[in-house]
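One structure is given here, and the rest of the page talks about it.
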Amino acid sequence: MNVVFGNTPTSRSERPDMPESAPNAELLSALGQMVRGLSALFWGIPAALIVCVQTAKGDWLRTMGIFPPLLVTAILYYGLHMLGKFQKQERVWRAALERAKVLAIINVGLSPFLYWYNKIPSQLFFTVVISILAFTGMTFLLALNPVLWRLAAMLPDETLRQETKFFTAFNRNLLLVCMALTALFLGIAWSNSLMLEQVFDFIVGLIPPGRRPGPLLILLDRSAGVWLMLFLILPPIAMTMALIWKVKEVIFASVFGSDHG
């Protein structure tokens, strides 16, 4: 193998008690697990968004109870767990990873409340917990970006390091703006529902009377907060997924591809 990661030994002289192929085999195993973890995150993030929203607001998954949101949020934790197999001795990398794992566990624990909120949406306690889950979900994305940045810093691709550093910083600022706007909306919704109704009436007034779809207006009125959060969170999710895919492609090209070159 021509690529060296971190402090992993790659010659017999550095580890005379170990066969020369052993470090390479150990590194390849860790990289393989990391690729599986990145794949779990890449597919798990959009799946978690769709399943959690559908569990909270829809009827398709109601018969399956709390299990769909539990499964998709557990997949995200599994992805981080697989990433933890790589470079266990790097303290900064491990610290960023552990922060993201704590948030992933919190999301798993709060996910069953999506089903209970669907059953009893008028219950204030469930509404508060779902709002907390929305913020911990965005905070998870906020913590995941430094994980990708630290991971890219250990890979032998300078272009990837520069791109990841720039886009993770931009994405984190975007997420902070999303969280601030969501908090503002929820604060208005809880403290002054009349103001929220006035904002909604203003938006409806921009649509000509003959073109106002009744069912859509009812849906927006009841789920305005959900649609706002979805609209705000989609760009950071797309950017995070693009970074995950780029990191995985670099691993395949620079490591696994080099063995066949």
Side-chain angles (χ1 to χ4, degrees), residues 3-10 14 23 26-45 48-49 72-111 132-180 183 233 236-237 239-251 254-255:
V3 180
V4 178
F5 292 88
N7 299 322
T8 304
T10 57
E14 294 174 346
E26 182 179 352
L27 178 59
L28 281 175
S29 176
L31 288 171
Q33 292 174 325
M34 184 172 64
V35 168
R36 288 194 291 272
L38 290 171
S39 297
L41 290 172
F42 181 83
W43 296 110
I45 290 173
L49 178 65
V72 292
T73 51
I75 288 174
L76 297 179
Y77 177 81
Y78 167 78
L80 293 175
H81 175 72
M82 298 303 289
L83 293 185
K85 304 293 183 180
F86 181 66
Q87 295 292 59
K88 297 181 179 181
Q89 75 281 1
E90 296 290 339
R91 294 183 179 179
V92 178
W93 152 249
R94 295 294 303 182
L97 187 62
E98 290 302 320
R99 286 193 292 268
K101 288 173 71 174
V102 169
L103 289 165
I105 292 176
I106 294 174
N107 290 337
V108 173
L110 296 179
S111 62
I132 295 173
L133 177 58
F135 277 99
T136 57
M138 287 187 279
T139 308
F140 171 77
L141 286 177
L142 194 67
L144 180 59
N145 277 266
V147 171
L148 298 175
W149 177 27
R150 297 299 180 184
L151 177 57
M154 295 186 291
L155 298 178
D157 190 305
E158 181 62 26
T159 301
L160 175 68
R161 287 195 288 268
Q162 295 299 325
E163 290 181 353
T164 306
K165 182 178 181 180
F166 172 79
F167 284 109
T168 52
F170 178 78
N171 209 21
R172 294 179 72 188
N173 291 330
L174 187 60
L175 281 165
L176 289 174
V177 172
C178 294
M179 294 173 70
I233 202 67
I237 285 179
M239 198 174 300
T240 302
M241 291 177 64
L243 290 172
I244 294 173
W245 185 267
K246 180 65 175 178
V247 171
K248 190 171 71 167
E249 287 296 304
V250 167
I251 294 173
S254 63
V255 180

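Just so you know, these numbers use all the heavy atoms, side chains as well, and skip hydrogens, waters and symmetry mates.
- Considering only heavy atoms from C-beta on, M138 stays 4.5 Å or farther from P236 through its side chain.
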Q | Verdict with supporting geometry, F135 and M179, side chain to side chain contact (heavy atoms under 4.5 Å, CB included) | A | CA-CA 7 Å; F135 277 99; M179 294 173 70; 4.0 Å; yes
**Q.** side chain to side chain contact (heavy atoms under 4.5 Å, CB included) assessment of I45 paired with L141
**A.** CA-CA 9 Å; I45 290 173; L141 286 177; 4.2 Å; yes
(Q) Checking L151 against L38 for the side chain to side chain contact (heavy atoms under 4.5 Å, CB included) test, could you report, in this order, the C-alpha distance in whole Å, the side-chain angles of both residues, the deciding distance, and whether it holds? (A) CA-CA 11 Å; L151 177 57; L38 290 171; 4.2 Å; yes
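- Remark: R99 CZ to L142 CG distance equals 10.5 Å, nearest 0.5 Å.
- Atom OG1 of residue T164 and atom CD1 of residue I244 lie 11.0 Å apart, to the nearest 0.5 angstrom.
- W245 is linked by a ring pair (Phe, Tyr, Trp, His ring centres under 6.0 Å) to F42, counting only residues two or more places apart in sequence or in another chain.
- Taking each heavy atom of A104 and L80 in turn, the nearest pair found is CB-CD1, 4.0 Å.
- Using a 4.0 Å cut-off between a side-chain N of Lys or Arg and a carboxylate O of Asp or Glu, K246 and E249 do not qualify as a salt bridge.
- Contact between I75 and A40 at its shortest, heavy atoms only, is CG2-O, 3.7 Å.
- When atom types are taken as modelled, the side chain of W93 and the backbone of A153 share no donor-acceptor pair closer than 3.5 angstrom.
- Separation of atoms CZ (R172) and CG (L176) is listed at 7.5 Å; rounding is to 0.5 Å.
- Between M241 and I237 there is a side-chain heavy-atom pair separated by less than 4.5 Å.
- Taking a 6.0 Å sphere around NZ of K248, one finds it holds more than 12 heavy atoms contributed by other residues, nucleotides or ligands.
- Closest approach of A48 to L76, counting heavy atoms only: CB-CD1, 4.1 Å.
- In terms of heavy atoms, L97 sits closest to G84 at CD2-CA, 3.3 Å.
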**Q.** CA sep, side-chain torsions, deciding dist, call: E90, R94, salt bridge (Lys or Arg N to Asp or Glu O under 4.0 Å)
**A.** CA-CA 6 Å; E90 296 290 339; R94 295 294 303 182; over 6 Å; no
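- Between V147 and A96, the shortest heavy-atom contact is CG2-O, 3.4 Å.
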Q) Hey, mind stepping through L175 and I233 against side chain to side chain contact (heavy atoms under 4.5 Å, CB included) and telling me if it holds? A) CA-CA 7 Å; L175 281 165; I233 202 67; 3.7 Å; yes
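- The line from CD of Q162 to CG of L160 is 10.0 Å long, rounded to the nearest 0.5 Å.
- Here W149 contributes atom CH2 and N171 contributes atom CG; the two are 13.5 Å apart, rounded to the nearest 0.5 Å.
- Here R161 pairs with E158 under the salt bridge (Lys or Arg N to Asp or Glu O under 4.0 Å) rule; sequence neighbours left out.
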